[in-house]
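Before I ask anything, let me first share the structure, which is written out below as structure tokens.
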Protein chains: 2
Amino acid sequence: MIAIIFLPLRMNKRNTKTKQLILETLKNAETAVSQDILQEELGDAVDRATIYRVLNSFCDDGIVHKILGDDGKYYFAFCVNCTEKKHHHNHFHFRCLECGKIECLPNEVDIKLPKGYRSVNFNGFISGYCAACSPGA
Amino acid sequence: MIAIIFLPLRMNKRNTKTKQLILETLKNAETAVSQDILQEELGDAVDRATIYRVLNSFCDDGIVHKILGDDGKYYFAFCVNCTEKKHHHNHFHFRCLECGKIECLPNEVDIKLPKGYRSVNFNGFISGYCAACSPGA
DNA sequence: AATATTATCGCGATCATGTCGCAATAATGA
DNA sequence: TCATTATTGCGACATGATCGCGATAATATT
């Protein structure tokens with residue numbers, strides 16, 4: 001099913017099939033996805049570089065989060081609970097080493113910085129095994 | 001000055017000049033260092049790949065921490081307050097976007113995972129401006 | 001001390017993620 | 001319908017990190 005998703009048409013952005021596809025995939029995904037995962041889903045229909053560009057463009061528009069996984073790759077997730085102005089990113093992400101799923105951990109965390117320090121980016125990552133993948137323990 | 005540092009000689013490890021040099025540099029550094037920073041300090045005396053290998057080897061031995069910076073590079077820091085068995089890694093690291101310095105933030109953090117989840121790696125990173133580099137604010 | 005063993009090194013090649021330039025394409029506005 | 005220009009595809013590039021392999025050198029053995 002092809003969902004019609006509105007892109008922000010301000011700022012001279014255009015609405016293309018590729019963007020629709022990627023946005024739809026992101027929306028349907030229950031986890032944050034990286035370029036290579038998207039590539040798999042989309043097959044050779046869409047170019048590598050294009051995926052990167054679209055994802056980063058979405059990110060600039062505030063539609064998706066961009067998070068750096070603790071495997072060194074970037075993951076993108078559809079923005080929920082974020083208004084135009086205020087994004088909520090100060091939570092940890094969890095990556096399952098077995099099934100690869102990435103989830104947001106519920107608790108927002110507040111890290112105290114030393115006096116005079118200014119925070120710009122927050123990145124919290126925990127990897128391990130999710131409930132489904134660590135049955136024994 | 002050449003400090004004599006003991007490497008774990010168990011596990012068929014050998015003690016070489018290169019390892020001594022790198023370990024010494026790590027010990028003297030007041031911040032976590034990445035391969036390229038080490039490369040600068042060591043000049044062309046030591047090969048790129050060797051530095052990587054030695055660092056990862058140290059990491060396997062539990063001598064140094066390996067942390068993924070929010071710039072996508074790995075940083076290594078001498079292990080302090082870590083016993084053979086128990087490492088204390090559950091603190092945030094701060095990277096100054098101006099001077100590049102990397103520091104450990106004092107507070108250990110305890111993130112609650114959902115039921116059944118098992119944590120293996122912890123990675124907390126905040127980047128911004130340190131006191132020296134953000135005078136105005 | 002001399003020799004054998006093999007961890008480590010240096011060098012080059014390779015892989016991976018992510019980015020960029022540019023000509024061709026296609027989405028929008030007039 | 002046409003003009004404008006955002007977007008795409010393709011190739012090349014940049015960087016961090018890894019690997020294979022022969023040469024070197026740190027230990028172990030005799």
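Each chain gets a letter, A, B and so on, in the order its sequence line appears, and its residues count up from 1.
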| query | Just checking, is any N or O donor in the side chain of B:Q35 or B:Q39 under 3.5 Å from an acceptor N or O on the other one? | reply |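 Distance-only check passes for B:Q35 and B:Q39.
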| message | Between P on D:dA26 and NZ on B:K19, what's the gap in Å once rounded to a whole number? | response |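 Distance check: B:K19 NZ to D:dA26 P gives 11 Å.
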| request: Tell me which residues in residues 49-56 of chain B put a heavy atom below 4.0 Å from DNA chain D, sorted by number, or none. | output: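 Residues of residues 49-56 of chain B under 4.0 Å from DNA chain D: B:A49, B:Y52, B:R53, B:N56.
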| query | For the pair made of CG in B:L23 and C1' in C:dT8, what is the distance, rounded to whole Å? | reply |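 Atom-to-atom, B:L23 to C:dT8, this comes out as 16 Å.
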| field | Which nucleotide in C:dA26, C:dG18, C:dC9 has an atom nearest any side-chain atom of B:T16 | value |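 Nearest nucleotide to the side chain: C:dC9.
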| Protein-nucleotide distance (B:D47, atom CG; D:dT24, atom P), rounded to Å |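 Computing the B:D47:CG to D:dT24:P distance gives 15 Å.
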| Partner residues of B:D60 under the salt bridge (charged side-chain N to carboxylate O under 4.0 Å, His left out) criterion, sequence neighbours left out |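 In terms of salt bridge (charged side-chain N to carboxylate O under 4.0 Å, His left out), with neighbours along the sequence ignored, B:D60 is linked to no residue.
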| said: Whether the side chain of B:D71 engages the backbone of B:K73 through a donor-acceptor N/O pair (distance < 3.5 Å, no angle test) should be reported. | reply: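 Yes.
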| query | How far does the helix from C:dA1-D:dT30 to C:dA30-D:dT1 bend, going by the axes of its first and last five pairs, to the nearest 10°? | reply |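 The end-segment axes of the helix from C:dA1-D:dT30 to C:dA30-D:dT1 are tilted 30° relative to each other.
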| said: How many whole angstroms separate atom NZ of B:K73 from atom P of C:dG18? | reply: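 Atom-to-atom, B:K73 to C:dG18, this comes out as 16 Å.
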| Do A:K66 and A:N56 get their side chains close enough for a donor-acceptor pair, meaning under 3.5 Å? |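 Side-chain D/A pair, A:K66 to A:N56: present.
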| said: So, under a plain 3.5 Å distance rule, would you say the side chain of A:R48 forms a donor-acceptor pair with the base of C:dG18? | reply: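 Present.
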